[in-house]
Every structure is written in C-alpha cells, then in structure tokens.
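In what follows, chains are A, B, ... by sequence order, proteins preceding strands, each numbered from 1. It should be emphasised that the depicted structure is a prediction, and the values quoted were computed from it without experimental measurement.
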Amino acid sequence: MNVFDDLTTRVRTAVRAALGSEGADLSRIVVEPAREAGHGELATNAAMVLAKPLGRKPRELADAIAAELRGDADIATVEVAGPGFINLTLAPSFWQSLLGSIIAADSAYGRSKRGAGEKVNVEYVSANPTGPMHVGHCRGAVVGDALASLLEANGYAVTREYYINDAGKQVEVLGESALLRYREALGETIGEIPEGLYPGDYLVPVGQALAQDYGPRLLNMGPEALTIARDTAVAMMMEMIRGDLAALNIEHDVFFSERSLIEGGTDRVAEAIQALQARGLIYEGRLPPPKGQVEPDWEDREQMLFRSTEFGDDVDRPLIKSDGSYTYFASDIAYHYDKYLRGFRQMIDVWGADHGGYIKRVQAAVKAVSGGEAAADVKICQLVNLFRAGVPVKMSKRSGNFVTLREVVQEVGVDPVRFMMVFRRNDAPLDFDFQKVTEQSKDNPVFYVQYAHARTCSVFRQAAWEAPDVDASAEALGRAELARLVDSGEIGLIRRLAEFPRVIESAGEAHEPHRIAYYLYELASEFHGHWNRGKEMPQLRFVNHGDRESTAARLALVHAVRLVLAEGLAILGVSAPVEMR
RNA sequence: GGCCCCGUAGCUCAGCGGAUAGAGCAGCAGCCUUCUAAGCUGUUGGUCGCAGGUUCAAUUCCUGCCGGGGUCGCCA
C-alpha cells in the first residue's frame, strides 16, 4: 500500500506503452512527493532518466509518457515541467480510498515486508559492566533500540544484542574494588579508595553480598578470591544495568559475554584466528609506530597481525598483546565471527563517538571472517550536551559528578529522553535541556507530537458527546462516505499519511531512525494546522453538527492520523498518550 | 601527521542525485471580547565552508584545500 511504489509501477507501465519495452533500464525511475504545491502532488523523473539511453530529448519523452498516464482514471492531472519532470495530481477518490485502506490495514499500516525475514543483529549499549549507565550511554541505547524496531517494521528478524566486556583489565580492577568493599563490609576501615580503583558507592552492596555469601573466607583464599569478587561484581553490575535499561523500556534478546569466548573449554578466539589463517590473512610482522604523536614506550616487535588492510583498514592489526593475552580486537573478531556463525549477514553496531577509529577494522574483520558474505554497519553516536534552562550542566568524571541515566529518566520521564535522542541524526551532537523537554508548549517537539495524538483522542471524546449518533468504531469509520473529504487540508493530511510507508522504508534502509521522528513532527504539525483552521472556519471542524456523514468521514481521517502517530511513536518507543493533562 | 565525523538562514537543525534548498526558534507585522486543551496567521532572512571533477541534473557522489570535533599498537 505504498502509493509511491504503486505509482512507480504505473509510470513504468506507461513508459513501456509509450516507448515500447526495448530493454531500457527502468529501475532508476522513481515517483516522489512533490516538494512544492505548484509541482502537483507527485513527480517522476522517468523522462530525464531515459533521455540519455534512448538518445531523445527529455521533454519529448515526457510528453509521450504523460499522454499515456492521462489514461489512468486515478490520475487527475499530468503536467510536464522544468527539465522534464512529470508532475501528477491524483483524483480525490484515489486519496479517499487510500484512507479506507489505511483504516482497514490498521496497525499493519506502514509496515513493510522488504526485509523478508532476513536476520539482522543490532548490537547496542554494550556499556562496560563496571558501574551504572550514565547519560553518555543513553543515546546509543535509544538509537539502537529504535533502529531495531524500525528494522522490525521493515520485516527483518531482528536480534537486540548486548556485548558484555567482562574479560579485560577493567573488570579485574572492578574485582579488586569489590574486594575492598568486601573488607569494608566485614568491618575493616578502608579509608579513601585508592587511585585506580572504582570509588563509586554502587560497589558497597557488592562487598556486602560477598561478605554475606562467603563470610571471611575470601580473605585468605588468594587469587581465587579475586575471581569470585570479579564475577560477583560483574553479575551485580549487569543486573543494575539491566535495571537502567528497563527504565528506558529497553530489553535485549541476547547478552553476549566476552569471557565466554575463551572460557569453558574451547578457545573461540583461537578458532576465529584459525579461520582467518585459513584464508591467509594472518602473518608475523612489525608495525610502524603511530605518526605525528610521541609514543615514549613504543616497542617495535614482531607479532601476529591480521591483514585488515586487505579490507580497507589503515594498518594491519595486532591480535596478541606482549603479555601473551588476546587484544580486545581479537576477541571482537571472534565475537563477530560468532554472529556470522549464528546466521547474521547484516550486523549493526551502535557505538559512542570515541570509537570512531575502530570502525574500519571491525568492518574488515566481518568481511574477512565471512568471506565477504556478511557486512557490518557502524552507527556512531555523538555527544549529548546537557542543559538546564539553557545553562550547561557541568559534569566531571573525576569528581564522580556525572549524571546517571536513571537520574535523567526519573527527572523528565522516558518519553522525552527517547524522543529527543532520535530527534537528531546520530552522528551530529545533540543538546538536551532538562527543562525544555518537559515543557507543555509548541516549542517542545516531544509534547508537540504527543499532543497531536492526544488531540486525536480528544476529538473522539468530543464526538461521543456532541454527535453520539455517529458510530465511531474503526469498522464503521472504514465504511464512511470518504468522498466527503474534499477540503485541501483533509486531502493534504491523507497525502501526508501516504508517505508513512515510504518513510519507514527509506529510514530502515538508511538505518536512520531519526527520520521517523521528523516525519511524526511534520504530521503533527499538519494535523495541528488543520485543527487551527477549524477555529476560524467552523465548517471545517471534525465534528460537523447536523451532518452525520461528513462527521463520520472526518472522524475516519482523524482515526487514521491517530493510527499513524501511534505506530510511529511505537517504533521510537515513545508512548502515545490519550490526554496530556 | 594518518584516519573518521561535522560545516546549510542570526541560532538549533532537516534535506535516500532532481525543479525557485526547508522546519523550529529568534526578528518583523497583524489577530487573540473565548474557543475544538496549552495561542493563531502572515512575513524578512541563504555565494548550502572554498575550489575543481563526474552527471542531462550536485547541498547530496568523487578529489584537494580551509575551519571545528573525535581518534591514533599491547584500554575497552
């Protein structure tokens, strides 16, 4: 039910009829919404695309195609304009019946089957399990989650995944920090937390849990105690992080432990390296030191390298540290190899801006390890700048004075956080103002869009009161005399609703959930605008006194607007309130 | 120095190769004696960082500069 696909097909048919089908490439022909009112409702580039291959003038081709299109009863006007555009307006009856289809499709409207059930893995958040999530993690969390939903709306089989970095030095430090808290829980005075350990209070419960479970036994246990403390701490931190995510309504399908790659008998990292070796992509060699930067302890040594440059990386990458353990990247290769073995050919990783330099090597790894069958897209999320009524919120890691995700959600609620995080492109920095995002005013996009939905609901409440004889059920509205919808504002709204499937597809294809947010903003704006016209011109109001048929038709339109707003907000994980009080 | 991202109206930003580049805010001019719930309507404002290239067509793709940010073996 994508109008643009529908019309593209019709245009291609018209092209074949007008010009014969002698092998011309019709794939580049598209029908798009016209940008300006003066350019009709839809426009196609068919004539311009075909001009060159056919060796004919665009305007001439356009005239021939246009003549063909005029035979289509759904097309009201056809005009050739500019360099060879064919501008179309559709018959009101076309839009009216489209509205009927939208209502019939109900919550399936906008959903695409383009993904055809293909498996996609979206890995996001993946915050280190060393403490609670702070606002910095928030954006990636929301972007990843909304992207996952967006891909589901496009018919993909999506797995939401979290990679737990539970294998490196940081979790060892976490373990040590937990042991200190353990001694504290046993009654020792530990004084100030030493430099280099995690000072946060959130480790106090970990120490208490250890004390409760083990009593004083860990004190003389040796290295084993550290392992126990570490594992306990990681488990409890992950519990906390899950709670943080739950506060954002985020739930992952898979939590993948980095440590699991090397524990439990099989060395999955070694297997991944072997897979690369089998493809001749591993060698012993030396790396040039980084240029333009002083590296005092640079040690030139012969080491095992992955030939990632073969896949577009800048230098080949080491897999084994000088102490003999695997590099983080080696584990990550194994992790992505695992994703490939689980059947994912499309992998999306959502990372913070500071990981930008890591993209090429992971993409190289995915290509290498899958023999070119799989590909990774990496979405980088830029910083979020916090404000309170326009004043920057100071944050310093050193003083531990960072704002946690939980605090933000508690203060402003989930909806403003989720909406604002996708109201920018992920790769552009974003300003987040605690005060503005909760304002109930036109200037606050969250409110503006949610209010549009609430307003649609309000119309129905009003209708039940003022026009109780009109059956406002979805079934009845689907049967309404939609031909009553002739006002330009009404048709305009239907036209906007018609764009929804197209927005879902293009946003899904580009992996850009923010486009949904912008679309919803535009739809809301158009709906509010039409509403406001009813102030000056009561005859345009949805509840049209004394005319049941007209009221029913308009309620059908409002119902469809509500449907699309709710669907779009659902993709973003933002609620669609029935009232804003 | 290498690599990556960004550069569009005074500000914050949209813009999947298409026409005269859009929105919100701010500014300006009206309306707001009351109704459909958090005002409304209109309007000013642009060498799309610069220079080349590809194309019928470039803000969009490519190359090189300029400016801002990030990042740069054995951290994750």
Side-chain angles (χ1 to χ4, degrees), chain A residues 28 30 32 34-36 38-39 43 45 47-49 51-52 57-58 81-85 87 126-128 130 163 165-171 258 287-293 295 297-301 303 305 313-329 331-332 352-360 378 380 382-383 423-431 439-445 447-448 451 454-455 458-459 462-463 466 502-503 505-507 509-510 512 514-515 517-518 521-522 525 528-529 531-536 538 540-543 579-581:
Chain A
R28 289 169 61 215
V30 292
E32 299 181 302
R35 292 202 171 173
E36 284 179 58
H39 294 155
N45 61 354
M48 291 177 295
V49 170
K52 182 122 190 204
K57 289 182 181 159
F85 285 99
N87 296 328
S126 299
N128 288 339
T130 54
Y163 184 48
N165 300 132
D166 55 359
K169 200 162 85 185
Q170 300 205 17
V171 286
E258 179 185 0
L287 280 180
K291 284 173 186 159
Q293 182 172 293
E295 281 285 335
D297 47 353
W298 173 265
E299 172 197 349
D300 188 19
R301 66 182 175 94
Q303 56 185 329
L305 295 170
D313 199 4
D314 304 312
V315 289
D316 293 336
R317 302 293 175 179
L319 300 177
I320 303 206
K321 299 186 218 169
S322 48
D323 68 0
S325 62
Y326 293 121
T327 60
Y328 177 79
F329 180 49
S331 301
D332 221 4
D354 52 341
H355 289 59
Y358 201 74
I359 297 176
K360 284 187 185 177
V378 180
I380 289 295
Q382 281 294 337
L383 295 181
F423 199 57
R424 283 278 172 274
R425 268 188 13 233
N426 59 279
D427 50 8
L430 176 151
D431 293 345
E439 267 173 19
Q440 300 214 337
S441 81
K442 188 182 183 302
D443 303 340
N444 174 11
F447 172 78
Y448 193 64
Y451 175 44
R455 189 170 248 179
S458 161
V459 171
Q462 183 102 16
E466 292 185 21
R502 182 175 187 270
V503 171
E505 282 195 354
S506 62
E509 206 159 331
E512 291 185 349
H514 75 274
R515 295 192 197 184
Y518 274 92
Y521 186 81
E522 285 166 4
S525 170
H528 287 312
W531 169 286
N532 287 324
R533 254 170 268 133
K535 273 191 161 174
E536 292 292 316
L540 289 181
R541 296 181 184 184
F542 298 120
V543 179
E579 60 178 1
M580 299 302 288
R581 290 179 205 282

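- Evaluation of atom-type donor-acceptor distances gives a pair under 3.5 Å for the side chain of A:S322 against the base of B:C74.
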Between protein and nucleotides 11-13 of chain B, what N or O pairs are separated by less than 3.5 Å?
unit_1: B:U12; atom_1: O2'; unit_2: A:R424; atom_2: NH2; d: 2.8
unit_1: B:C13; atom_1: OP1; unit_2: A:P429; atom_2: O; d: 3.3
unit_1: B:C13; atom_1: O2'; unit_2: A:R424; atom_2: NH1; d: 3.1
unit_1: B:C13; atom_1: O2'; unit_2: A:Y518; atom_2: OH; d: 2.7

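- Aromatic ring orientation, A:F447 versus A:Y451: parallel (interplanar angle below 30°, classes split at 30° and 60°).
- Partners of A:F423 under the ring pair (Phe, Tyr, Trp, His ring centres under 6.0 Å) rule, at least two apart in sequence or in another chain, are A:F419, A:Y518, A:Y521.
- The residue A:H514 sits close only to the backbone: its heavy atoms come under 4.0 Å of sugar-phosphate atoms, none of a base.
- By the side-chain hydrogen bond (donor to acceptor under 3.5 Å, both in side chains) test, A:N426 pairs with no residue at all, sequence neighbours left out.
- Nucleic acid contact for A:A507: none, since no nucleic acid atom lies under 4.0 Å from a heavy atom of the residue.
- Under the side-chain hydrogen bond (donor to acceptor under 3.5 Å, both in side chains) criterion, A:R502 pairs with no residue, sequence neighbours left out.
- By the side-chain hydrogen bond (donor to acceptor under 3.5 Å, both in side chains) test, A:N444 is found to be paired with no residue, residues two or more places apart in sequence or in another chain being considered.
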> Tell me, what's RNA chain B's dot-bracket, Watson-Crick or G-U with both distances under 3.5 Å, | for other-strand, [ ] crossing?
Replying inline: (((((((..((((....[...)))).(((((.......))))).....(((((..]....))))))))))))....

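- Nucleic acid contact for A:E522: none, since no nucleic acid atom lies under 4.0 Å from a heavy atom of the residue.
- Residue A:A353 is classed as a sugar-phosphate contact, given heavy-atom separations below 4.0 Å to backbone atoms only.
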Could you list the protein-to-nucleotides 54-59 of chain B atom pairs, N/O on both sides, closer than 3.5 Å?
unit_1: B:C56; atom_1: OP1; unit_2: A:K52; atom_2: NZ; d: 2.0
unit_1: B:C56; atom_1: OP2; unit_2: A:K52; atom_2: NZ; d: 3.2

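- Judged as a side-chain contact (heavy atoms from CB on, under 4.5 Å), and not counting sequence neighbours, the contacts of A:D323 are A:K321, A:S325.
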Could you go over nucleotides 39-44 of chain B and give all protein N or O partners under 3.5 Å, atom names and distances?
unit_1: B:G39; atom_1: OP1; unit_2: A:K442; atom_2: N; d: 3.1
unit_1: B:G39; atom_1: OP2; unit_2: A:K442; atom_2: N; d: 3.4

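- Legend: residues meeting side-chain hydrogen bond (donor to acceptor under 3.5 Å, both in side chains) with A:E509, ordered by chain and number and at least two apart, are A:R114.
- Looking at residues two or more places apart in sequence or on another chain, you find no salt bridge (charged side-chain N to carboxylate O under 4.0 Å, His left out) involving A:D354.
- The side chain of A:R455 places an N or O atom within less than 4.0 Å of a non-bridging phosphate oxygen (OP1 or OP2) of B:A38.
- Among residues two or more places apart in sequence or in another chain, the ring pair (Phe, Tyr, Trp, His ring centres under 6.0 Å) test is passed with A:F85 by none.
- Side chains of A:R28 and A:N45 form no contact here, defined as non-hydrogen atoms less than 4.5 Å apart.
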